[in-house]
Amino acid sequence: MKQNLFLACIVVIFLSFPNCYHSDKPSGQYLSILGANVMTRKITIVGDSLAQWSDGFGLRSRLPAEFSVTDVSVAGYTTEDWLQNKDQLNRIPTDLWILELGTNDAMAYGTNGYESRTLDLINFLQSNQISIVYLTLIPRTNMTSIKETIRENNETLRKIKLQKEKVDIVDIESIFESYQGEIPLYPISDPIHPNQIGYDLMGETYRKKILGI
C-alpha cells in the first residue's frame, strides 16, 4: 500500500513539471515553444500602408496552418491614429500583436512623443489579454528627409523592448540596410513603399521570428 502511494506521488510530481517549465529563450520564440499545444495561434497586425498594401506581408500563406493572421492595418496611420481607434483592437482575440508603425510618425511628428505613444499602445494591447507584442524596426526608406528620424525612433523601440515584458523587436531595419542585391528595394517612383522583393524580405523576417528559426 505504501509502495503504491509512493509511486503515485512520483507520477504526480513528474506530470507537474511541464507546468513549471520556464524558458530563458527570447519572447520571439514564445508561440513556437509555449504554444505547442494550442490548436490555433492568433496573430494580429496593427500597421500602416506597408502591411495593408502587402496583404500583411503574406504571412497567411507563409505560416503553418495552425496560425490565424488578421491584418487591420490602415494606410497613413500613425501611433496616434491607432490610439484614437484602439477600441476596435480590444475586440480581437490575439496571442501575438505585430506593430508595424513609424513611417507616418516620422513624417508627421518627427521623434516628438514617439516613445510615449508607443508605450500607451503597448499597455492598451496587453491590458485586456495575455499577449506578446512585436515592435517592428521599420526600414529607413529612400526618403532622405526622414531617414535619421526613423533611425532614432527605432532606437527608441529597442529601449522599450528592454523595459517591457513580453515585448520583442523584429529588426527589418538591419535587413534592409545590409541588403546587397542587384535590384533596389524601392521603385524609383516611390521612396516609401518597398517593391515585392522588399515586402518578401519583410515577410520572411516576420516568419522566422514567429517560428523561432
Side-chain angles (χ1 to χ4, degrees), residues 11-12 14-75 77 79 82 85-102 118 121-139 157 160-161 164-176 194 196-213:
V11 171
V12 170
F14 177 79
L15 292 176
S16 298
F17 277 135
N19 297 324
C20 298
Y21 174 78
H22 173 71
S23 173
D24 290 327
K25 293 189 177 182
S27 60
Q29 299 182 20
Y30 179 86
L31 290 177
S32 59
I33 296 173
L34 300 185
N37 295 320
V38 179
M39 293 300 293
T40 302
R41 306 165 201 178
K42 299 179 177 64
I43 298 173
T44 302
I45 304 172
V46 180
D48 50 32
S49 56
L50 270 67
Q52 186 184 37
W53 294 3
S54 65
D55 190 24
F57 309 106
L59 286 179
R60 293 184 184 89
S61 60
R62 293 179 188 275
L63 293 171
E66 64 265 27
F67 290 89
S68 172
V69 179
T70 301
D71 181 18
V72 295
S73 302
V74 180
Y77 262 34
T79 49
W82 275 117
N85 294 276
K86 63 184 180 182
D87 288 342
Q88 64 173 292
L89 301 176
N90 192 35
R91 297 190 291 268
I92 306 174
T94 301
D95 301 304
L96 169 64
W97 299 95
I98 295 178
L99 296 189
E100 177 278 302
L101 296 165
T118 301
L121 188 53
I122 293 170
N123 289 336
F124 175 79
L125 294 177
Q126 293 185 327
S127 63
N128 298 298
Q129 304 184 56
I130 300 175
S131 54
I132 293 172
V133 177
Y134 279 179
L135 303 175
T136 302
L137 304 186
I138 59 169
L157 297 184
I160 290 175
K161 186 259 184 185
K164 300 286 293 181
E165 293 184 357
K166 295 183 180 179
V167 171
D168 209 339
I169 58 174
V170 182
D171 193 352
I172 305 293
E173 178 187 31
S174 294
I175 296 295
F176 271 52
Q196 191 57 49
I197 296 174
Y199 282 135
D200 286 342
L201 279 176
M202 296 183 76
E204 274 300 289
T205 304
Y206 284 121
R207 183 185 72 86
K208 291 178 180 178
K209 185 70 174 183
I210 291 167
L211 298 179
I213 59 177

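The figures that follow rest on heavy atoms only: side chains count, while hydrogens, waters and symmetry mates do not. Positions are given from 1, in the same order as the sequence printed here.
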Self-check item: CA sep, side-chain torsions, deciding dist, call: I210, I98, side chain to side chain contact (heavy atoms under 4.5 Å, CB included)
Solution: CA-CA 10 Å; I210 291 167; I98 295 178; 4.1 Å; yes
Quiz item: side chain to side chain contact (heavy atoms under 4.5 Å, CB included) between N90 and F124: does it pass, once the steps are laid out?
Solution: CA-CA 8 Å; N90 192 35; F124 175 79; 3.8 Å; yes
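By the 4.5 Å heavy-atom criterion applied to side chains, L137 and I172 are not counted as neighbours. The closest side-chain heavy-atom distance from I213 to R207 is below 4.5 Å. Contact check for E100 versus I138: side-chain heavy atoms found under the 4.5 Å cut-off. No side-chain heavy atom of V74 sits less than 4.5 Å from a side-chain heavy atom of D48. Contact check for I45 versus L99: no side-chain heavy atoms found under the 4.5 Å cut-off.
Under 3.5 Å, the side chains of W97 and S131 contain a donor-acceptor pair of N or O atoms. Looking only at atom types and distance, the side chain of T136 has a donor-acceptor partner in the side chain of Y206 under 3.5 Å away.
Between T118 atom OG1 and K164 atom NZ the span is 11.5 Å, to the nearest 0.5 Å. Interatomic distance, OH of Y134 versus NZ of K166, reported as 13.0 Å (0.5 Å rounding). Here the CG atom belonging to L89 is positioned 6.0 Å from the CG atom belonging to L125, to the nearest 0.5 angstrom. Note that the CZ atom of F67 and the CG atom of L211 stand 5.0 Å from one another [nearest 0.5 Å].
Taking the charged nitrogens against the carboxylate oxygens, R60 and D71 have no contact shorter than 4.0 Å, which rules out a salt bridge. Here D200 pairs with R62 in a salt bridge; the nearest charged N to carboxylate O distance falls below 4.0 Å.
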